[in-house]
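Reading through the structure tokens given below for one structure.
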Amino acid sequence: MKINHSIRVGIGVMALAVVASACGGGEPKNVLQSASEGTLTVGIKYDQPGLGLRNPDRTFTGFDIEVAKYVAGKLGVTPENITYKEAPSPQKETLIQNGEVDFVAATYTITDARKEKVDFAGPYYVAGQSLLVQSDNTDITGPDSLSDAKKLCSVSGSTSAQKIKDDFAQDVQLQEFDTYSACVEALRNGAVDALTTDDIILAGYAARYPGELKVVGEPFTQERYGIGLAKGDDEARAKINDAIDEMIADGSWERAFNDTVGESGYPIPSPPTVDRY
Ligand code: GLU
């Protein structure tokens with residue numbers, strides 16, 4: 001009887017621990033506090049060439065990484081003291097809210113819906129949603145040619161998937177994956193007809209598979225990339241906005257773009273104006 005009771009209590013405690021860790025349970029971080037302690041944890045993408053990529057040797061490269069490093073530097077944190085954490089699209093807000101990252105720099109569009117949960121510095125870049133198809137495809141030329149129940153892949157929790165649900169749901173069969181690289185594999189092996197997300201992300205995949213994949217049509221949304229951080233961390237947001245302004249003004253923004261995204265042949269646009277809302 002006694003043993004049974006303690007086993008039951010033990011299982012109860014274990015169940016609670018599992019629930020707590022599944023929810024993360026932590027408090028959001030204060031970016032300037034972390035920086036004053038000398039380290040920052042930054043949420044990035046691991047699978048988006050040119051933007052946020054974990055290389056086989058476990059180094060990280062891409063425009064988002066360069067922006068994160070520049071911002072961290074302005075907050076007094078050196079690149080060796082940045083810890084990167086993967087921030088898949090469906091988890092970005094949660095990672096910030098639970099304090100698992102200080103900020104997210106991961107092709108993260110500033111939206112009013114997301115602003116209910118997190119705040120944004122920036123924008124540091126403006127992209128637009130587009131389509132990626134196999135190079136020999138001739139019938140998909142833009143979002144309006146997705147009729148006839150074409151199979152379209154995107155990532156859950158992204159503005160790209162939401163846009164399709166809002167505006168093109170009648171015409172397409174949307175399949176939502178956790179990452180764009182999973183969509184790329186589905187596109188390459190013919191399981192889907194097209195992949196939709198931001199043009200700058202798609203350009204990186206097209207450059208990785210030349211002659212196999214191509215970007216089609218004109219961009220049909222505006223995606224203003226911000227640095228996501230805890231809601232109400234206004235002091236840090238102002239400092240990060242200053243850092244983005246400086247990155248643009250001192251030429252580092254252009255250099256970073258050319259060294260990363262530029263390699264795919266994607267032309268450099270003019271930098272955006274930071275929006276201090
Ligand atoms: N920029 C879009 C978004 O924030 C798509 C890219 C992504 O999922 O990271 O949802």
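Whatever order the structure lists them in is the order used to number ligands and atoms, beginning at 1.
Protein heavy atom nearest atom 3 (C) of ligand 1, with residue, atom name and distance: Thr159 OG1, 3.4 Å.
For ligand 1, the atoms closer than 4.0 angstrom to any heavy atom of Ser160 are 5 (C). Remark: ligand 1 atoms within the under-4.0 Å shell around heavy atoms of Ala106 are 9 (O). Contact atoms of ligand 1 toward Thr197: 5 (C), 6 (C) (distance under 4.0 Å to a heavy atom of the residue). Heavy-atom proximity to Lys92, at under 4.0 Å, picks out these atoms of ligand 1: 7 (C), 9 (O). For ligand 1, the atoms closer than 4.0 angstrom to any heavy atom of Tyr108 are 4 (O). Listed by number with element, the atoms of ligand 1 under 4.0 Å from a non-hydrogen atom of Arg114 are 3 (C), 4 (O), 10 (O). Heavy-atom proximity to Ser89, at under 4.0 Å, picks out these atoms of ligand 1: 7 (C), 8 (O), 9 (O). For ligand 1, the atoms lying closer than 4.0 Å to a non-hydrogen atom of Tyr225 are 1 (N).
Side-chain contact, Thr59 with Asn55: a donor N or O sits under 3.5 Å from an acceptor N or O. In this model, a donor atom of one side chain and an acceptor atom of the other lie less than 3.5 Å apart for Asp64 and Tyr124. Side-chain atoms of Gln129 and Thr197 include no donor-acceptor pair closer than 3.5 Å. Defined by atom type and a distance below 3.5 Å, a donor-acceptor pair is missing between the side-chain atoms of Asp199 and Ser130.
Residue Arg114 holds its CZ atom at 6.0 Å from NZ of Lys92, rounded to the nearest 0.5 Å.
Side chain of Asp250 to backbone of Ser252: a donor-acceptor contact under 3.5 angstrom is found.
Taking any N or O of Asp198, backbone or side chain, at least one lies under 3.5 Å from an N or O belonging to ligand 1. Geometrically, ligand 1 and Ser158 share no nitrogen or oxygen pair separated by less than 3.5 Å. Looking at Thr109 next to ligand 1, an N or O pair under 3.5 Å apart turns up.
The side chain of Ile201, and not its backbone, has at least one atom closer than 4.0 Å to an atom of ligand 1 (non-hydrogen atoms only; side chain from C-beta on).
Ion pairing of Glu86 with Lys45 is absent here, as no side-chain N (NZ or NE/NH1/NH2) approaches a carboxylate O to less than 4.0 Å.
Residues Tyr108 and Phe120 place their aromatic rings such that the two centres sit under 6.0 Å apart.
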